[in-house]
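Reviewing the structure listed below.
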Amino acid sequence: MEYSKNPKNPQYRVWILLGCVLAVLAAYLFVMFDLQIVHGADYRSQSVTQIVRSTTVEAARGDITDRNGKLMVGNRQTYTLTFDSSLLSDGIDQNSAILRLVNLCIDQNVEYTDRIPITKTAPYAYIEVSKTQQKHFDRFIKESLKPYLEKQLKKRASQTEAAKNDRKGKTKPPQPDAFFDDPTLNIENMTAGQTMDAMHHYFEIDPKLSAADARKIMAVRWELALRQTYATTAYVLADDIDINLITLIKDGDYLGAEIGLASTRQYETSAAAHILGYVGDINPEQYAELKDKGYSINATIGQDGVEAAFESYLHGTNGRRISNVNDDGKVTSELYTKAPKPGNTTELTIDLELQEATEQLLAKKIEEISKKDGIQRGGAAAVIEIGTGDVLTLASYPTYNLTDFTKHYNEYLKDPGKPLVNRATMGLYAPGSILKPLSAVAALESGVTNVNETLYDTGKWTYPGYASSYARCWYRPGHGRVDVRESIKVSCNYYFAEMGYRMGLETLNEYISAFGLGEHTGIEIGDYAGKLASEKEGEDQAPWAAFGQANQSYTILQLANYIATLAGGGEYYQPHLLKSVRSFDNSELIYESNPQPSHTIDIAPQHLNAVLAGMHDLATTGNVYQYFKNCVVEAGCKTGSVQTGRKIADGTFVAFAPYDDPQIAVAVVIEKASAGAVLASTAVEILNTYFTEDQIATTMIGENQLLG
């Protein structure tokens, strides 16, 4: 049968259509054959091993500013290198992948995290590390390593016993092992070397590897082991890595490696280290407490200072990221299901310029004194705003640098000068004569004296009826006749010993407590309470306690706040560091300080005037006038020194200014400074730093004006 080739023939068009259908069907069959037969195994593997991972994206911490909005601590975006064991496919040796990645870091001079608290080379010894690091390691030893060792020892003992009882010799004893067969092994109290050997077994590290390579693997494996407790397989191996390393990792196909974005703390000042504190890895106890609030086991958390005190404001809200990972461990796609929200901007009461200047002035004075006698000493200073309790300055010397804090932590820890101690809140000092204004208020208000009574200072006050119990005045000839105002100016021990005797210790301590001494101030970063003077039955410490020479001790923060309370007319404000909190984009005011006096000490106007006038007299006509003549505002002050046994006396000093309208109170201590007058020049420089020319122009300074 013949068919027409005429295009107009309908049958010809049918055959063309049929040919197209057959071609499409053939192509389809070819693709199916390729997918299912030729490459079926590959695609089947990919479909099975394609992993969808949900990871936490840590939010950037909030900024910390001073009271004037000057940035103290911010953030800098960085890249992190994470090793995630879940990215390793079956058959991949985890130890080999870790070693290859760590060696790359070493080759590129990238510092990787090694927090095992044992020296890196033999002979191994335990080393002192931060409390957080030690807690992590102790947890691993207790929950992972010891149970493993106990199991292995029991297994070996059982095998040995079975071999002994097998008369036919079919049961073989365990292979000799220098570690397990060591008769000195005590898993409850292992040496550092034994701990390293135990970890070598636990992590199944190839015995052919060098000790150095084994150590590299251990540093990562024990961190991963700890995280497995919390169902986490990722561990940040290195922070703040550069593009060069990232490129090498991507091009070199380093299995288990993952590059992530993070932020690290950026310090805009070298001052205020003890106030700001530092951040660090969350420890197991903190994680257990905070995991329900969205914290991850890899979280960074405030460990000290305001970083810890205001953690809830600074931490922010973490995000979530979904990643698709193929069987080669490569991320094929990423998607944020919840974007991270940065922490809040936290404004402190600190005046950064004043803080920086105070630290410099304190260090300068201490180094000047120490250069003369070669004695190592420390010191502290505090400045408080009167009428609010705002802490403007907390300085402690020696101090440390937050920028390289982690790197030099062990050095700081061993430094005999104890730079990690915040002497402004944790240093306890006998007040000496700076307590006399308070004792004067107590004597006047309790009615044991009045502003007009005078006493004749002979240079030696003797306890009535006990000639062997006495208190000498620092000016041995005696000051002659003095009233309360003059006794403060000349710092007359005779006068205050008599006042202490009249009041008794119970009454005196009631007033001392009312001014906040011997009790926690409540400051957010924490402090020591100190202690009031005490006495055994049959003793009377009141005469000596009244001029600050009994068994009492207080912090410089407490002493500064006592002067702020006194100059503020008896209104006691709790010292605090938090001024306000705003959202990271400044769109919402979350918290704003509204300080109110917690209590008011009743002080009659004539009593207050007499006490403050005595402090003013000391600054204007007393033995520190040579320093205060250079002060840009009129002030009131008091010196103090404390002789304890044969030790050189600590020097203390307090001041307030301006005299007619008190705005700030200052307290300074320098250990082994001999006398408080030595500190007067430093206090004057602090006052001059605060009262700038603009402030002076708007402050009406009168002469001989007393508070009413």
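Throughout, numbering of the chain's residues begins at 1 and tracks the sequence.
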Residues E353, T689; criterion side-chain hydrogen bond (donor to acceptor under 3.5 Å, both in side chains); working and verdict: CA-CA 8 Å; E353 287 189 9; T689 300; over 6 Å; no
Check against side chain to side chain contact (heavy atoms under 4.5 Å, CB included), Y495 and T449: CA-CA 11 Å; Y495 181 91; T449 190; 3.8 Å; yes
From CA spacing to verdict: ring pair (Phe, Tyr, Trp, His ring centres under 6.0 Å), Y400, H274: CA-CA 8 Å; Y400 57 91; H274 294 98; 5.0 Å; yes
Side chain to side chain contact (heavy atoms under 4.5 Å, CB included) between L361 and T358, worked out: CA-CA 5 Å; L361 292 168; T358 301; 5.5 Å; no
Evaluation steps, salt bridge (Lys or Arg N to Asp or Glu O under 4.0 Å), between E685 and K365: CA-CA 11 Å; E685 289 178 291; K365 176 58 68 174; over 6 Å; no
Steps toward side chain to side chain contact (heavy atoms under 4.5 Å, CB included) verdict (L578, E592): CA-CA 8 Å; L578 185 59; E592 186 171 31; over 6 Å; no
side-chain hydrogen bond (donor to acceptor under 3.5 Å, both in side chains) between E347 and S580, worked out: CA-CA 5 Å; E347 180 185 358; S580 70; 2.6 Å; yes
Test side chain to side chain contact (heavy atoms under 4.5 Å, CB included) applied to L435 and F496, step by step: CA-CA 10 Å; L435 194 67; F496 286 98; over 6 Å; no
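The distance from atom NZ of K371 to atom CD1 of I366, rounded to the nearest 0.5 Å, is 15.5 Å. Atom-to-atom distance recorded for Y511:OH and S439:OG is 12.0 Å, nearest 0.5 angstrom. One finds the CZ atom of R61 at 5.0 Å from the CG atom of L314 (value rounded to the nearest 0.5 Å). Note: S270 OG to N401 CG = 6.5 Å, rounded to the nearest 0.5 Å. Rounded to the nearest 0.5 Å, atoms CG (D66) and CD (E356) are 9.0 Å apart. Distance CH2/W544 to CD/Q549: 11.5 Å, rounded to 0.5 Å.
The residue from I64, V73, T65 that alone fulfils the side-chain contact (heavy atoms from CB on, under 4.5 Å) condition with L348 is I64. Shown are Y554, F515, Y573; of these, the ring pair (Phe, Tyr, Trp, His ring centres under 6.0 Å) with Y562 is made only by F515.
In this structure, Y463 and W461 have perpendicular ring planes: the angle between them is above 60°, well past the 30° mark. Ring pair Y313/F310 is tilted by interplanar angle, where 30° to 60° counts as tilted.
A search for salt bridge (Lys or Arg N to Asp or Glu O under 4.0 Å) contacts involving E486 returns nothing, not counting sequence neighbours. In this view, E453 and R502 satisfy the salt bridge (Lys or Arg N to Asp or Glu O under 4.0 Å) rule, not counting sequence neighbours. Residues passing the salt bridge (Lys or Arg N to Asp or Glu O under 4.0 Å) test with R377, sequence neighbours excluded: D373.
Between A635 and A619, the shortest heavy-atom contact is O-CB, 3.4 Å. Taking each heavy atom of A560 and A665 in turn, the nearest pair found is O-CB, 3.5 Å. Residues P437 and I488 share a closest heavy-atom pair of CA-CD1, 4.2 Å.
Between V668 and T652, every side-chain heavy-atom pair lies at or beyond the 4.5 Å cut-off. In this structure, T621 and K489 have side chains that are in contact, with non-hydrogen atoms separated by less than 4.5 Å. Under the 4.5 Å side-chain criterion, counting only non-hydrogen atoms from C-beta, T454 is not in contact with V482. Two residues are said to be in side-chain contact when any heavy atoms from C-beta on lie closer than 4.5 Å; V490 and Y475 fail this criterion. In this structure, L612 and L566 have side chains that are in contact, with non-hydrogen atoms separated by less than 4.5 Å. Using a 4.5 Å cut-off on side-chain heavy atoms (C-beta onward), L532 and L508 make no contact. Put simply, the side chain of T425 does not reach to within 4.5 Å of the side chain of T555, judged on heavy atoms. Looking at D650 and I670, their side chains never come closer than 4.5 Å, going by heavy atoms from C-beta outward.
Proximity of a side-chain donor or acceptor of N344 to a complementary backbone N or O of T346 within less than 3.5 Å is not detected. Remark: the backbone N or O of H479 is paired with a side-chain donor or acceptor of D457 at under 3.5 angstrom. Looking only at distances, no side-chain donor or acceptor of E307 sits under 3.5 Å from a matching main-chain atom of L276. Here the side chain of E359 pairs a donor or acceptor atom with the backbone of A272 at under 3.5 angstrom. Side chain of S487 to backbone of V484: a donor-acceptor contact under 3.5 angstrom is found. Of the possible donor and acceptor atoms, none in the side chain of E524 sits under 3.5 Å from a partner among the backbone N and O of A309. Checking side-chain atoms of S446 against main-chain N and O of A443 turns up a donor-acceptor pair under 3.5 Å. Although no hydrogens or angles enter the test, the distance criterion places no donor-acceptor pair under 3.5 Å between the side chain of S681 and the main chain of Y627. In this structure, the side chain of N688 engages the main chain of V632 through a donor-acceptor pair within 3.5 Å. In this structure a side-chain-to-backbone donor-acceptor pair under 3.5 Å is present from N551 to S534.
Within the structure, every pair that satisfies the salt bridge (charged side-chain N to carboxylate O under 4.0 Å, His left out) test and touches residues 418-444, not counting sequence neighbours, is listed here: R423-E671. Residue pairs meeting the ring pair (Phe, Tyr, Trp, His ring centres under 6.0 Å) criterion with at least one member in residues 595-615, sequence neighbours excluded: Y572-H599.
Of the charged side-chain nitrogens involved, none lies within less than 4.0 Å of a carboxylate oxygen, so that E539 and K536 do not count as a salt-bridged pair. At a threshold of 4.0 Å, the pair E268-K70 does not count as salt-bridged, since none of the basic side-chain nitrogens sits closer than that to a carboxylate oxygen.
Heavy-atom neighbours of D602 CG from other residues, nucleotides or ligands within 6.0 Å: at or below the threshold of 12. Within a 6.0 Å radius of OH in Y528, no more than 12 heavy atoms belonging to other residues, nucleotides or ligands are found.
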Side-chain donor-acceptor distances from residues 387-394 under 3.5 Å, at least two apart:
unit_1: T388; atom_1: OG1; unit_2: E385; atom_2: OE1; d: 2.7
unit_1: T388; atom_1: OG1; unit_2: D390; atom_2: N; d: 3.1
unit_1: D390; atom_1: OD1; unit_2: H576; atom_2: NE2; d: 2.6
unit_1: D390; atom_1: OD2; unit_2: R67; atom_2: NH1; d: 3.4
unit_1: D390; atom_1: OD2; unit_2: R67; atom_2: NH2; d: 3.4
unit_1: D390; atom_1: OD2; unit_2: K579; atom_2: NZ; d: 3.2

